[in-house]
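Scroll down for the structure; my scribbles are underneath it.
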Amino acid sequence: MTEPLVTFRNVEKRFDDFVAVRDMTLDIHEGEFLAIMGSSGCGKTTTLRMLAGLDTPSAGEIRIEGRLMNDVKPHERDTPLVWQSLALFPFLTARENVEFGLKMRGVAADERKKRALDWLDRMQIVEFADRNVATLSGGQKQRVALARSLVMEPQMLLLDEPLSALDANLVIRMQGVLTRLQKELGITFVYVTHSQSEAFAMADRVVIMSQGDIAQVGSPKDIYRTPANRFVAEFVGRNNIFTGKTGGSDNGKTKVSTLQGAFLAQTPDNPPGPEKQVSFTVSADLMTLTLTEPDADNKAKATLISEEFIGSVVTVFLEGQAGQEYKVQMQERALAELDLSPGADVWLSWEAENANMLETGS
Ligand SMILES: Nc1ncnc2c1ncn2[C@@H]1O[C@H](COP(=O)(O)OP(=O)(O)OP(=O)(O)O)[C@@H](O)[C@H]1O
């Protein structure tokens with residue numbers, strides 16, 4: 001593999017006694033769309049600010065193309081790197097804002113205007129080109145800021161919640177526009193968001209942060225299907241989490257005895273060994289709900305509690321015999337065919353291949 005564009009090595013950021021980012025080691029590859037996701041205050045923006053040179057690491061090393069960047073000021077960096085959330089100039093029009101960086105680079109007026117209008121058009125706000133940005137809505141301003149960053153065609157673009165002020169329909173449209181442009185232009189995107197749907201829809205890899213630590217890095221699919229630890233399993237998606245003691249392992253499967261019964265789970269690369277306390281997850285959409293007892297290795301009886309509709313998909317909440325809550329995600333039409341009411345007794349089953357063991361101790 002080629003050298004990473006960016007390396008974080010054991011990077012820490014402290015504000016007095018408070019550790020905002022702890023022992024971060026991470027590679028970012030050229031042309032990659034990397035999303036950094038996590039709940040409020042977990043250190044996402046601080047990570048981005050250190051990459052931009054707006055904050056200095058308290059320990060560790062950040063390198064861009066091999067060069068140590070810890071103490072290099074933003075304007076002294078020779079790597080074209082654009083920070084999307086720098087404030088717009090309120091006294092200029094949308095077009096003048098987008099043209100600004102090109103003007104600094106000495107691009108001729110006609111060419112500047114053409115490129116600025118083109119980018120405003122791509123961001124679907126060309127009709128506001130001659131409006132003073134102070135008169136634009138939050139979402140329109142965000143798109144001017146994106147156009148102003150992208151017009152420079154930087155090697156790397158740092159984006160901090162760039163779609164947060166847009167309504168749901170526009171978010172989906174802009175996600176499509178941004179991912180297409182990112183791949184077309186080959187710009188490395190480092191994209192901070194607290195939105196799981198945004199990160200998973202757009203990114204090649206997602207970094208999940210928790211209280212200054214990296215909880216997991218992986219493709220959206222890896223993180224969704226095989227969360228590494230309890231934090232990620234609870235934070236991401238609708239997972240059923242089981243806890244119990246390991247028994248024997250056979251044929252890539254390990255027996256786990258839980259309060260709900262004994263089940264088979266996928267043996268992880270680092271097998272925990274027998275008599276160990278472990279947890280495993282099963283995604284809600286990989287659980288099957290039936291009226292009669294299925295012929296399956298992993299099955300449990302449950303009682304239907306409630307249903308939650310999101311479009312054509314429904315999440316069914318159930319209670320197991322040991323009082324545990326289960327979640328099953330299925331098509332609304334398939335559920336309607338079962339004709340269930342709250343209090344109905346049903347069976348749940350799942351494949352051992354879909355029972356993903358978490359890191360021990362998590
Ligand atoms: N300049 C600062 N001085 C003191 N504490 C700070 C400073 N900047 C950030 N912090 C603290 O560091 C932690 C991480 O902040 P950061 O802005 O990186 O979080 P975040 O994950 O981007 O959150 P959000 O999604 O709310 O923007 C927070 O607890 C924050 O209060």
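Whatever order the structure lists ligands and atoms in, that order sets their numbers, starting from 1.
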| Arg238 and Ser283: side chain donor to acceptor below 3.5 Å | no
| note | The single option from Gln182, Lys44, Glu198 that satisfies side chain to side chain donor-acceptor pair (under 3.5 Å) with Tyr191 is Glu198
| message | Quick test of your reading of the model: are Arg205 and Glu32 salt-bridged, counting only N-O distances below 4.0 Å? | response | yes
| message | With a 4.0 Å heavy-atom cut-off, what residues sit around ligand 1? | response | Phe15, Phe18, Ala20, Ser39, Ser40, Gly41, Cys42, Gly43, Lys44, Thr45, Thr46
| message | Please verify the inter-ring angle class for Phe263 with Phe242; under 30° counts as parallel, over 60° as perpendicular, anything in between as tilted. | response | perpendicular
| query | Ile187 versus Gln155: any side-chain heavy-atom pair under 4.5 Å? | reply | no
| message | Side chains of Thr93 and Asn132 only: does a donor on one sit below 3.5 Å from an acceptor on the other? | response | no
